[in-house]
Amino acid sequence: MNQQATGNFIALKRREKNLTQEQLAERIGVSNKTISKWENGKCMPDYAVVEILCNELDISVSELLDGEENEKSIRVYDDKEILGMLKDIQELKQSKDSSTSFFLIIMGISLLALSFCIDGSSFREFISGFLLGISIVEMITGIYLLGRTMNHNKAIYKLKFFISRIFRR
């Protein structure tokens with residue numbers, strides 16, 4: 001799957017239908033900037049809009065992913081199966097990203113606790129401050145990534161649940 005080829009194919013099919021990026025975006029419920037990103041090969045359409053996009057452009061999902069018309073192609077999977085696989089891939093990526101976020105938050109909390117345990121000479125205070133800084137950066141990065149990968153309400157709920165479990169021990 002080549003993002004650039006897919007983007008060029010989307011642009012070609014959109015022009016064949018005499019649609020502007022704004023008109024296509026309005027029909028499928030995304031912004032014209034999103035259409036531009038697809039057409040420039042910067043990203044791929046989300047699985048949730050692939051079927052709508054294909055219907056608007058009168059192409060199959062396999063043609064969209066191949067970036068070309070393939071009338072003679074024999075496919076092992078139909079469009080519904082391909083959409084299901086795309087959804088699974090995006091959910092796995094989201095799961096990986098949220099796991100990374102939680103790991104960063106856990107490491108940040110651990111370093112924060114460690115920074116409070118170090119006391120004494122000026123060198124130890126320097127190390128304590130350094131660990132405190134790193135812990136804050138890790139926790140903020142983890143929360144930022146978590147917010148990007150999940151629904152806002154879900155992220156807040158999971159973060160509250162996770163923190164409550166940590167402090168319950």
Side-chain angles (χ1 to χ4, degrees), residues 1-109 134 136-165:
M1 182 167 58
N2 181 339
Q3 280 186 203
Q4 192 63 47
T6 298
N8 291 338
F9 188 61
I10 292 171
L12 173 72
K13 288 305 202 176
R14 177 183 56 79
R15 287 187 203 105
E16 284 178 5
K17 298 249 190 211
N18 293 322
L19 295 171
T20 64
Q21 287 181 345
E22 286 130 11
Q23 290 169 329
L24 179 60
E26 187 177 305
R27 288 184 180 189
I28 63 174
V30 298
S31 72
N32 62 325
K33 291 180 182 181
T34 301
I35 301 291
S36 177
K37 286 180 185 178
W38 296 343
E39 291 183 358
N40 289 318
K42 293 182 180 176
C43 67
M44 293 290 286
D46 186 72
Y47 76 90
V49 297
V50 166
E51 191 171 16
I52 300 166
L53 175 64
C54 290
N55 288 338
E56 283 299 322
L57 298 177
D58 292 327
I59 58 175
S60 69
V61 175
S62 61
E63 289 174 326
L64 174 70
L65 297 178
D66 289 344
E68 62 185 15
E69 292 184 53
N70 47 18
E71 298 159 357
K72 298 177 184 176
S73 176
I74 300 173
R75 290 282 171 191
V76 177
Y77 301 106
D78 66 5
D79 285 355
K80 294 289 182 196
E81 291 171 320
I82 293 172
L83 286 171
M85 286 187 274
L86 284 174
K87 179 182 178 186
D88 291 344
I89 289 168
Q90 287 183 349
E91 286 175 352
L92 283 172
K93 183 183 181 316
Q94 186 178 27
S95 174
K96 178 186 150 238
D97 291 347
S98 62
S99 296
T100 302
S101 302
F102 282 120
F103 176 75
L104 286 171
I105 293 168
I106 290 169
M107 288 301 298
I109 291 170
I134 290 175
I136 291 170
V137 169
E138 282 190 344
M139 287 188 288
I140 289 173
T141 304
I143 291 169
Y144 172 75
L145 291 175
L146 189 63
R148 281 187 53 198
T149 60
M150 302 179 79
N151 178 330
H152 183 68
N153 293 335
K154 273 188 189 177
I156 290 173
Y157 172 77
K158 285 188 176 186
L159 188 59
K160 283 180 180 177
F161 176 76
F162 178 72
I163 291 173
S164 69
R165 291 201 46 158

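In what follows, every heavy atom counts, from backbone to side chain, and hydrogens, waters and symmetry copies are set aside.
Separating the CE atom in Met107 from the CD1 atom in Ile134 is a distance of 9.5 Å, to the nearest 0.5 Å. Separating the CG atom in Leu104 from the CD1 atom in Ile140 is a distance of 12.0 Å, to the nearest 0.5 Å. Here the CD atom belonging to Glu22 is positioned 11.0 Å from the CG atom belonging to Leu24, to the nearest 0.5 angstrom. Taking CD1 of Ile105 as the start and OG1 of Thr100 as the end, the distance is 11.0 Å to the nearest 0.5 Å.
A donor-acceptor pair is defined here as one N or O able to donate and one able to accept, closer than 3.5 Å; no such pair exists between the side chain of Ser36 and the backbone of Asn32.
For Glu138, there are no salt bridge (charged side-chain N to carboxylate O under 4.0 Å, His left out) partners, not counting sequence neighbours. Shown here are the salt bridge (charged side-chain N to carboxylate O under 4.0 Å, His left out) partners of Lys17, two or more places apart in sequence or in another chain: Asp58. A search for side-chain contact (heavy atoms from CB on, under 4.5 Å) contacts involving Glu26 returns nothing, not counting sequence neighbours. Judged as a side-chain contact (heavy atoms from CB on, under 4.5 Å), and not counting sequence neighbours, the contacts of Asn8 are Gln4. Evaluation of the salt bridge (charged side-chain N to carboxylate O under 4.0 Å, His left out) rule for Lys13 yields Glu16, Glu69 as partners, not counting sequence neighbours.
Between Leu57 and Glu63, every side-chain heavy-atom pair lies at or beyond the 4.5 Å cut-off. In this structure, the side chains of Glu51 and Val61 stay at 4.5 Å or more apart for every pair of heavy atoms.
The heavy-atom pair separating Ile28 from Val49 by the smallest distance is O-CG1, 4.3 Å. In terms of heavy atoms, Ile10 sits closest to Trp38 at CD1-CB, 4.0 Å. Closest of all the heavy-atom pairs between Gly142 and Ser101 is O-CB, 3.3 Å.
Among residue pairs with one or both ends in residues 36-48, those qualifying as salt bridge (charged side-chain N to carboxylate O under 4.0 Å, His left out) are Arg14-Glu39; sequence neighbours excluded.
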